[in-house]
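All values below come from the heavy atoms of this structure, side chains included, with hydrogens, waters and symmetry mates left out.
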Amino acid sequence: MTESPASGRTATRRLAEVAKKVGVSEATVSRVLNGKPGVSEATRAAVLTALDVLGYERPTQLRGERARLVGLVLPELANPIFPALAEVVGGALAQRGFTPVLCTRTAGGLSEADYVEMLLDQQVSGVVFAGGHFAEDDAPHDHYHRLLELRLPVVLVNAATEGLAFPRVSTDDEVAVEQAFGHLVSLGHERIGMVLGPEDHVPSNRKLQAFRAEAAKAGLEVGPQDVERSLFALEGGQAVTNRLVKRGITGIICASDVLALGAIRAVRRLGLSVPEDVSVVGYDDSAFMNCTHPPLTTVRQPLESIGRTAVTLLVSQIDGAVASTEELLFEPELVVRGSTGPVRAKVDA
């Protein structure tokens with residue numbers, strides 16, 4: 001039976017789209033679809049996954065094969081850093097022939113433990129957790145210990161509490177604070193404060209230790225009144241920044257860009273200006289931070305490197321390798337924009 005011109009064009013377009021998605025030649029895609037040898041298992045799985053993602057039917061002889069699944073568990077999607085990470089991890093997984101299953105905690109919705117049970121029921125090949133309960137000392141951790149007992153491949157993205165022996169990839173919090181603090185000091189700021197996450201948040205506590213160390217090196221005094229805690233929300237950043245500014249703080253380092261945007265709002269609501277009266281530094285360099293007013297000075301996390309390394313560590317475990325549980329730390333980068341400036345000179349009365 002002769003193929004019609006229309007179906008021929010569809011097949012050609014399918015080859016081109018799948019090849020582009022996977023990053024291989026159309027000839028390689030054709031070999032997979034026709035069951036020909038000479039293609040690695042990883043490439044073959046990636047092509048089949050791309051067919052599913054793009055909405056094409058698999059060839060009849062391949063429909064019985066299920067795509068390999070990997071859970072990606074995130075705390076939220078409102079903070080733009082998490083969708084950005086999901087894009088990197090999801091893309092890297094697809095290139096390796098895995099289908100990501102996105103699980104996001106919501107108020108009143110499924111918990112991390114619920115998602116773990118669901119993923120286990122789906123017989124996932126592994127799980128990537130980012131910014132989850134593993135980074136909170138007081139949160140429930142039983143589901144993590146269960147995964148350890150099952151020896152399911154897992155990778156954690158961000159600093160973790162003690163006792164969770166999983167491979168971990170994180171941005172170096174000590175270097176991040178060193179960069180932000182040094183920048184404010186170079187601008188003449190001596191009253192520097194911090195806005196951090198909750199008391200049990202491990203990355204925030206690392207940043208606090210680094211903050212105290214940097215202040216000591218600079219010969220500046222910082223006390224409990226110079227540090228405020230908040231949930232990672234714009235409203236929280238706004239509420240606690242009010243207190244810092246009223247205490248005379250002129251430079252504020254925030255543990256996320258969302259907290260920094262709340263800090264800027266607080267300064268304005270007090271009738272002051274950023275950076276003329278108060279300088280603000282964020283953390284993440286998430287989407288559109290160069291479009292705020294003023295554009296946000298922030299410490300950029302190397303998401304591309306972190307996400308791809310997390311996938312490499314996970315896939316190596318899936319393939320049978322024993323992954324080290326030593327934390328891999330990635331170097332951040334200070335991105336200077338318009339929300340920081342020289343400290344305003346005092347005017348004698």
Side-chain angles (χ1 to χ4, degrees), residues 76-88 131 171-173 175-197 203-204 207 210-211 214 226 228 230-245 248-307 330-345:
E76 60 168 316
L77 292 178
N79 185 334
I81 197 67
F82 292 115
L85 179 64
E87 183 177 4
V88 173
T171 299
D172 193 322
D173 290 306
V175 173
V177 173
E178 179 183 354
Q179 292 175 350
F181 196 95
H183 174 59
L184 291 176
V185 169
S186 73
L187 294 172
H189 293 273
E190 296 180 351
R191 294 297 313 281
I192 300 173
M194 285 203 88
V195 176
L196 299 172
S204 290
K207 290 181 176 69
F211 176 67
E214 289 303 309
D226 299 319
E228 290 286 352
S230 166
L231 295 176
F232 284 98
L234 188 148
E235 293 79 9
Q238 177 182 347
V240 299
T241 297
N242 269 305
R243 298 197 284 267
L244 290 175
V245 174
I249 295 294
T250 64
I252 300 174
I253 301 170
C254 299
S256 77
D257 289 341
V258 173
L259 288 174
L261 294 180
I264 291 174
R265 179 193 282 181
V267 173
R268 287 179 175 158
R269 295 281 173 88
L270 290 170
L272 303 173
S273 298
V274 174
E276 289 80 8
D277 298 298
V278 179
S279 287
V280 176
V281 182
Y283 179 80
D284 285 336
D285 194 28
S286 42
F288 308 117
M289 291 304 106
N290 60 333
C291 301
T292 59
H293 181 69
L296 184 66
T297 293
T298 185
V299 179
R300 175 182 295 159
Q301 293 202 66
L303 281 193
E304 186 76 23
S305 298
I306 287 174
F330 287 78
E331 191 89 355
E333 176 188 359
L334 179 70
V335 181
V336 178
R337 299 194 182 106
S339 66
T340 52
V343 67
R344 177 173 283 182

Could you check if a side-chain atom of [X] sits within less than 4.5 angstrom of a side-chain atom of [Y], using non-hydrogen atoms only?
X    : Y    : answer
V245 : I252 : yes
V195 : T241 : yes
D226 : I249 : yes
S230 : L259 : yes

Any chance you could measure [X], atom [atom1], to [Y], atom [atom2], to the nearest 0.5 Å?
X    : Y    : atom1 : atom2 : result
I264 : C254 : CD1   : SG    : 8.0 Å
T250 : L272 : OG1   : CG    : 11.5 Å
L303 : D284 : CG    : CG    : 7.5 Å
R300 : L334 : CZ    : CG    : 10.0 Å
L261 : L234 : CG    : CG    : 6.0 Å
N290 : T298 : CG    : OG1   : 11.0 Å

Can you establish whether the number of heavy atoms outside E87 located under 6.0 Å from its atom CD is more than 12?
-> no

Above 12 or not: heavy atoms from other molecules or residues under 6.0 Å from CD of E190?
->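 Atom CD in E190 is not crowded, with 12 or fewer foreign heavy atoms closer than 6.0 Å.
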
Backbone N or O of G341 within a donor-acceptor pair of the H189 side chain at under 3.5 Å?
->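 Checked: pair present.
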
Answer yes or no: is there a donor N or O on one side and an acceptor on the other, between the side chain of E228 and the main chain of R243, under 3.5 Å?
->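 Looks like no, no N/O pair under 3.5 Å.
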
Nearest heavy-atom neighbours spanning [X] and [Y]:
X    : Y    : answer
L196 : K207 : CD2-CB, 4.0 Å
V258 : A233 : CG1-C, 3.7 Å
S204 : F232 : OG-CZ, 3.8 Å
D172 : P332 : O-CG, 3.9 Å
P294 : S339 : CG-CA, 3.8 Å
I192 : F211 : O-CZ, 3.3 Å

Restricting to pairs with a member in residues 264-276, which pass salt bridge (Lys or Arg N to Asp or Glu O under 4.0 Å), not counting sequence neighbours?
->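 For residues 264-276: none.
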
Under the ring-ring contact (aromatic ring centres under 6.0 Å, His included) test, which residues partner Y283, sequence neighbours left out?
->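 Y283 satisfies ring-ring contact (aromatic ring centres under 6.0 Å, His included) with no other residue.
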
Only counting residues at least two apart or in another chain, list the ones meeting side-chain hydrogen bond (donor to acceptor under 3.5 Å, both in side chains) with D277.
->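 By the side-chain hydrogen bond (donor to acceptor under 3.5 Å, both in side chains) rule, D277 matches R344.
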
Evaluate the criterion side chain to side chain donor-acceptor pair (under 3.5 Å) for residue pair T297 and H183; output intermediate values, then yes/no.
-> CA-CA 10 Å; T297 293; H183 174 59; 4.7 Å; no

Steps toward side-chain contact (heavy atoms from CB on, under 4.5 Å) verdict (L85, Q301) = CA-CA 10 Å; L85 179 64; Q301 293 202 66; over 6 Å; no

